[in-house]
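One structure is given here, and the rest of the page talks about it.
Hydrogens, waters and symmetry mates are skipped; everything else that's a heavy atom, side chains included, is used. Quick note: residue numbers are just sequence positions, from 1. Just so you know, ligand 1 is whichever comes first in the structure, and atom 1 is the first atom listed for that ligand.
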Amino acid sequence: MYEKIVILDFGGQYAHLIASRIRREQVLAEIHQPDEVDLAFLESKNIKGIILSGGPQSVYDEGSAHCDPKIFNLGKPVLGICYGHQYMNQSLGGKVVPGHEKGKEFGRADLTHDNKCPLFKNIPTTSPFWMSHGDEVETMGNGFKGCGDTSLCMNAAAWHPEKKLFGIQFHPEVTHSEHGNQLLKNFLDICVVSRDWTIEKFYEEHQAKLKAEVGDRNIVLFVSGGVDSTVAFALLSKVLGPERVQGLFVDNGLLRQGEREYVEKAIKAIGTKLTVMDEADRFIGNLKGVHNPEEKRKIIGNTFIDVQKAFFAHNDLDKNTVLAQGTIYPDTIETGGTKNADTIKTHHNRVPEIQKMIDAGLVIEPLADLYKDEVRALGELMGLPHELVWRHPFPGPGLGVRILCAKKTTEDIFEQDVNAFKLQRNKKPFEILPLKSVGVQGDFRTYKHPGLITVDETDLGALEVLATKLINHYTDINRCVKILGHNYIGRVNSTKVIQSDVNNERVERLQRADHIVTTTMHKMGVYNDVWQFPVVLAPLSFNNTGKESIILRPIDSIDAMSATVGKLSWAFLNEVSTQILKDKSISAVFLDVTSKPPGTIEWE
Ligand code: XMP
């Protein structure tokens with residue numbers, strides 16, 4: 001029996017990420033619900049330590065997520081992260097309070113520790129960690145000592161030396177916490193747990209599990225050409241035999257330029273069955289007149305289901321055929337897939353119709369426990385072509401989450417309220433753009449304006465730091481952009497959001513800009529320098545030039561759970577912007593300089 005670490009999931013979007021980090025240290029990690037886990041189970045000898053995850057609630061709210069406080073007396077090391085830190089301190093006599101405006105932190109913060117706590121072994125005294133919280137520990141629990149602070153957060157780290165209890169306000173599990181892995185390794189050392197669990201072993205065990213789960217049923221799998229569905233397709237083909245796995249590729253009219261041809265060629269090269277279905281008109285037709293991002297997602301998801309139902313109705317499939325999906329961990333977590341989580345957004349693999357099928361045991365998700373980097377490792381292990389395995393991820397709803405829509409054309413805000421605007425310009429280093437996009441702050445989904453940074457700064461790292469500061473301070477924005485180029489002349493005297501929905505004209509407009517970005521990345525040899533590069537179309541027009549704006553969103557990430565801005569050269573950015581602006585229907589080109597959190601990767 002493996003020794004292991006148990007993670008109690010208080011509903012934070014990062015709960016499963018902690019498990020993935022621990023597993024990468026070759027230690028088995030299991031996730032359990034805090035209010036359901038049995039104390040006797042936690043006493044088992046092979047459980048060497050407990051981690052309490054973050055969560056979206058406030059520990060002092062009635063009915064907020066809780067566990068049996070006796071876990072703090074089991075004699076096993078406990079690490080509380082964010083909500084877990086606050087919960088542990090409150091349970092042991094401390095006090096948690098809402099952070100005043102200054103106490104809320106999202107994104108990078110510099111932590112200074114006192115070099116005494118073993119959790120910080122081999123970690124520089126001052127180092128950057130990722131923060132995402134609104135509350136803070138005002139008074140520590142009995143027996144706790146403070147051992148780390150940031151400029152905005154008191155008691156950002158505390159420990160109880162005798163009981164081996166550790167609490168931290170920040171998130172060591174996100175990849176952008178530079179020394180986060182070291183901190184988790186230190187905790188594993190404190191737990192004295194064996195490191196004998198590997199991804200190869202997981203793969204071996206998973207094959208048997210998958211075989212048992214599928215039984216003698218056949219599989220239908222909708223492939224997109226992205227790494228997730230391709231690896232799922234290859235894995236199922238390997239485990240069950242290619243004749244039992246039917247691949248279906250739906251052209252939903254929201255694809256990149258040339259994508260359909262690419263996928264046909266690539267999937268057929270894996271040597272298995274593939275049918276291409278042209279459903280572009282149906283998807284685009286269903287999106288007519290729709291503006292709300294969540295509604296767009298639901299419609300795209302439901303149209304997939306309709307396409308699927310139509311396929312089953314017209315194809316004489318064996319009754320024993322189940323649907324497989326290439327869903328991965330973040331897709332399930334960010335939809336409120338865990339019990340205590342707030343809905344960050346609805347993933348198209350988790351719309352209600354699919355959820356019903358999942359509950360009825362009719363959906364197989366062979367990658368649902370894995371993160372993107374693990375899916376890639378698995379793909380490599382199975383010998384898939386490198387180029388396929390390392391393609392940038394592309395979301396299931398495709399360009400549908402990159403085409404922002406507007407219900408009505410807005411009044412010109414600059415003309416309408418010139419005085420307010422002037423005041424704002426004098427006071428703030430940014431201007432608020434009138435449209436809204438999706439973001440994530442704390443464990444909550446936000447829908448706010450982008451701030452257009454107006455200060456003269458060209459260092460992308462510095463811009464990203466500035467964006468974090470601005471978003472932490474000003475509550476009406478959730479991301480920041482910098483202008484790269486424009487088709488208007490002189491100063492901006494009018495900004496309009498133009499009424500728009502998803503239609504073929506706009507899809508093609510975005511496809512052209514996206515194609516310029518992808519081909520220029522390949523041409524300038526920088527494709528592998530970023531993890532993903534969404535190109536976004538926003539119905540934003542300046543000085544009545546063009547109808548739209550383009551936003552470039554280069555991303556550095558490992559697993560999409562946290563992200564920083566992909567630091568591409570200005571030569572590249574300017575080249576791309578110049579080429580995009582040759583299209584006179586584009587008014588301006590922007591660069592998104594926001595990390596995740598507080599911004600999400602997609603704009604929606
Ligand atoms: P966000 O915008 O949540 O995106 O920061 C995280 C990652 O997920 C991708 N994404 C999706 N992938 N179906 C997918 O298969 C979806 O509905 C979906 N929405 C976002 C996004 O491209 C990024 O890599």
Side-chain angles (χ1 to χ4, degrees), residues 13-14 16-17 106-107 132 174-176 221-232 250 252 254-256 259 283 293-305 324-337 341-351 354-355 365 367-368 370-373 375-376 390-404 437-441 443-447 478-479 514 530-536 551 553-566 592 594-604:
Q13 42 161 335
Y14 299 135
H16 293 245
L17 192 51
F106 303 103
S132 191
V174 303
T175 49
H176 291 93
L221 171 68
F222 286 83
V223 290
S224 68
V227 62
D228 305 342
S229 59
T230 307
V231 171
V250 178
N252 61 5
L254 299 164
L255 304 173
R256 290 188 148 138
E259 183 67 8
F283 278 86
E294 271 296 280
E295 211 180 314
K296 274 195 299 181
R297 280 183 169 281
K298 287 205 169 109
I299 288 172
I300 297 171
N302 288 340
T303 309
F304 259 113
I305 312 255
Q325 302 197 118
T327 316
I328 65 169
Y329 240 161
D331 305 339
T332 62
I333 299 156
E334 296 196 88
T335 58
D342 180 62
T343 298
I344 303 284
K345 66 170 177 244
T346 304
H347 191 273
H348 78 283
N349 286 353
R350 282 289 181 279
V351 292
I354 288 276
Q355 193 58 52
E365 298 186 314
L367 308 178
L370 302 182
Y371 293 92
K372 190 70 96 187
D373 52 335
V375 172
R376 286 192 164 131
W390 288 98
R391 285 191 97 191
H392 288 177
F394 187 65
L399 300 180
V401 290
R402 296 182 180 170
I403 297 180
L404 272 62
S437 77
V438 171
V440 56
Q441 282 171 279
D443 287 303
F444 293 98
R445 183 180 193 276
T446 61
Y447 194 51
N478 61 2
R479 46 173 101 235
D514 180 73
V530 287
W531 187 82
Q532 190 179 20
F533 199 145
V535 179
V536 177
I551 299 116
R553 178 77 168 128
I555 279 297
D556 267 340
S557 183
I558 288 185
D559 47 33
M561 297 296 286
S562 64
T564 50
V565 178
D592 188 339
T594 322
S595 59
K596 173 183 178 177
T600 42
I601 293 174
E602 303 293 348
W603 277 51
E604 315 208 10

Is there side-chain contact between [X] and [Y], with heavy atoms separated by less than 4.5 Å?
X	Y	result
L17	V174	yes
V438	E294	no
Q325	L367	no

T600 and R479 side chains, donor-acceptor separation under 3.5 Å: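 Side chains of R479 and T600: pair found under 3.5 Å.
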Need the ligand 1 atom indices (1-based, order shown) with element for anything under 4.0 Å from a heavy-atom of [X].
X	answer
Q532	21 (C), 22 (O), 23 (C), 24 (O)
K596	1 (P), 3 (O), 5 (O), 6 (C)
R297	16 (C), 17 (O), 18 (C), 19 (N), 20 (C)
A560	6 (C), 7 (C)

Geometric N/O contact P393 with ligand 1, under 3.5 angstrom: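 No, since none of the N or O atoms of P393 sits under 3.5 Å from an N or O of ligand 1.
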Residue portion contacting ligand 1 (non-hydrogen atoms closer than 4.0 Å) for W531: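 Contact part for W531 vs ligand 1: side chain (C-beta onward).
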Contact with ligand 1 for M561, non-hydrogen, under 4.0 angstrom: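 Contact check M561 vs ligand 1: negative.
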Partner residues of D556 under the salt bridge (Lys or Arg N to Asp or Glu O under 4.0 Å) criterion, sequence neighbours left out: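 Here no residue qualifies.
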Heavy-atom proximity to atom 10 (N) of ligand 1, best of S224, S562, P395: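 Selected option, by shortest heavy-atom distance: P395.
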Set of ring-ring contact (aromatic ring centres under 6.0 Å, His included) partners for F222, sequence neighbours left out: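 By the ring-ring contact (aromatic ring centres under 6.0 Å, His included) rule, F222 matches no residue at all.
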